[in-house]
**Q** 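Quick one: the structure is below, questions incoming.
Quick caveat: nothing in here was measured; it's all calculated off a predicted structure. Heavy-atom basis, side chains included; hydrogens, waters and symmetry copies ignored.
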Amino acid sequence: MALANRDKPEDWTLLMLRIASFLVTASATIVMALNKETKTLVVATIGSNPVTATLTAKFQYDPAFVFFVVANGITSLHNLLMIVVDLFRHKFNERGICLVMIPIFDMLIVALAAAGDGAATFIAELGKNGNSHARWNKICDKFGPYCDRGGVALIASFIGLGLLLVITGLSIIKLQTKPKPSNDVSVP
């Protein structure tokens, strides 16, 4: 069985970190993708009759949030694939191309996740505080639960990014370690 071959603690550490990273990035993806709030607001008053408008806040309305969902979705799929590769590594060449490609893909995923987090954080800050110079009003005072759920998704994604940084560092260290010589000594 694949799990029986795990004798080094760093093997278990990488696997557990990948599972944790998968869970938090998948959670961030799901929370943000399902984030929607509809409100009816009074926009004007004509005489004594209020004029209302129904407004909806969805993650799809902002390209930065769409990028955040796509980036975290790709990150989750990458982590899931790496978990499968790690569990079935006995079928792969451990010191071959697989060992070299994993840290490279990890670094690419870190860059993608960081870009998605940065874009969504910028828009979240703009939604929370607005920008008086550009005359962009804040919306979190009107769509509080929407902003709260978006904040939870951002926190989960940043935790996943931190885990990915640790995973990448450990993958690179694993790449740098030399294999122990075998006990088989051949006589010339």
**Q** Sort out for me which residue in I167, V166, T168 forms a side-chain contact (heavy atoms from CB on, under 4.5 Å) with L170.
**A**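 Only match with L170 under side-chain contact (heavy atoms from CB on, under 4.5 Å): V166.
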**Q** State which residue, out of I159, D106, T75, L112, fulfils the side-chain contact (heavy atoms from CB on, under 4.5 Å) condition with L164.
**A**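 That would be T75.
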**Q** Is any side-chain heavy atom of D86 less than 4.5 Å from a side-chain heavy atom of R18?
**A**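 They are not in contact (no side-chain heavy atoms under 4.5 Å apart), so the answer is no.
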**Q** Which pair of heavy atoms, one from A119 and one from F67, lies closest together, and at what distance?
**A**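 Residues A119 and F67, closest heavy atoms: CB-CD2, 4.2 Å.
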**Q** Are I74 and F59 co-members of a hydrophobic cluster defined by side-chain heavy atoms under 4.5 Å apart?
**A**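 Both belong to a single hydrophobic cluster.
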**Q** Can you check side chain to side chain contact (heavy atoms under 4.5 Å, CB included) on I102 and M82, steps first, answer last?
**A** CA-CA 8 Å; I102 289 174; M82 291 298 110; 3.8 Å; yes
**Q** Check the pair K36 / Y146 against side chain to side chain contact (heavy atoms under 4.5 Å, CB included), numbers first and verdict last.
**A** CA-CA 6 Å; K36 176 183 173 183; Y146 173 80; 5.7 Å; no
**Q** Mind checking whether F122 and V66 sit in one hydrophobic cluster, side chains of I, L, V, M, F, W, Y counted as touching below 4.5 Å?
**A**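 In one cluster with F122: V66, yes.
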**Q** To the nearest 0.5 Å, tell me how far C140 SG sits from E125 CD.
**A**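 Those atoms lie 10.0 Å apart.
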**Q** How close do E37 and G144 get, heavy atom to heavy atom, and via which atoms?
**A**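 Between these two residues, the closest heavy atoms are OE1-N, 4.0 Å.
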**Q** So which heavy atom on A153 is nearest to which on A28, and how close?
**A**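 Where A153 meets A28 most closely, the heavy atoms are O-CB, 3.3 Å.
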**Q** Do F143 and I123 belong together in a cluster built from hydrophobic side chains that touch within less than 4.5 Å?
**A**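 In one cluster: yes.
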**Q** From R149 CZ over to N35 CG, what is the distance, rounded to the nearest 0.5 angstrom?
**A**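 These two atoms lie 5.0 Å from each other.
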**Q** M107 vs I172, test: side chain to side chain contact (heavy atoms under 4.5 Å, CB included). Steps then yes/no.
**A** CA-CA 10 Å; M107 286 186 278; I172 292 171; 4.2 Å; yes
**Q** Would you name the heavy atoms of S171 and P103 that are closest together and state the gap between them?
**A**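 The pair with the smallest heavy-atom distance is O-CG, 3.7 Å.
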**Q** Could you tell me the separation between the CD1 atom of I83 and the OG atom of S21, rounded to the nearest 0.5 Å?
**A**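 Between atom CD1 of I83 and atom OG of S21 there are 8.0 Å.
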**Q** With a 4.5 Å cut-off on side-chain heavy-atom distances among I, L, V, M, F, W and Y, is there a chain of contacts connecting M32 to V152?
**A**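 No, M32 and V152 fall in different hydrophobic clusters.
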**Q** If we only count heavy atoms from C-beta on, is the L87 to L15 side-chain gap below 4.5 Å?
**A**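 The answer is yes; the side chains approach within 4.5 Å.
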**Q** To the closest 0.5 Å, what do you measure between OG (S27) and CD1 (I155)?
**A**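 Between S27 OG and I155 CD1, I get 13.0 Å after rounding to 0.5 Å.
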**Q** At their closest point, which heavy atom of D141 faces which heavy atom of K138, and how far apart are they?
**A**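 Taking every non-hydrogen atom into account, OD1-O, 3.4 Å.
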**Q** Please tell me if the side chains of L126 and N131 come closer than 4.5 Å, counting only heavy atoms from C-beta onward.
**A**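 The answer is yes, as the side chains (C-beta and beyond) meet within the 4.5 Å cut-off.
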**Q** Does a side-chain heavy-atom distance below 4.5 Å link F68 with L154?
**A**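 The answer is yes; the side chains approach within 4.5 Å.
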**Q** Side chains of T56 and T38: is there a donor and an acceptor less than 3.5 Å apart?
**A**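 On atom types as modelled, these side chains qualify, holding a pair under 3.5 Å.
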**Q** Are L41 and I139 connected, step by step, through hydrophobic side chains (Ile, Leu, Val, Met, Phe, Trp, Tyr) whose heavy atoms are closer than 4.5 Å?
**A**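 Both belong to a single hydrophobic cluster.
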**Q** For the residue pair T40 / T52, report whether a side-chain donor-acceptor contact shorter than 3.5 Å exists.
**A**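 No, T40 and T52 have no side-chain donor paired with an acceptor closer than 3.5 Å.
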**Q** State, to 0.1 Å, how close L161 and A113 come at their nearest heavy-atom pair, and which atoms those are.
**A**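 Looking at all heavy atoms of both residues, the shortest contact is CD1-CB, 4.0 Å.
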**Q** Can you tell me if T25 and N72 form a side-chain donor-acceptor pair at under 3.5 Å?
**A**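 Side chains of T25 and N72: no pair found under 3.5 Å.
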**Q** Apply side chain to side chain contact (heavy atoms under 4.5 Å, CB included) to residues L81 and F105 and explain how you reach the verdict.
**A** CA-CA 11 Å; L81 179 66; F105 285 137; over 6 Å; no
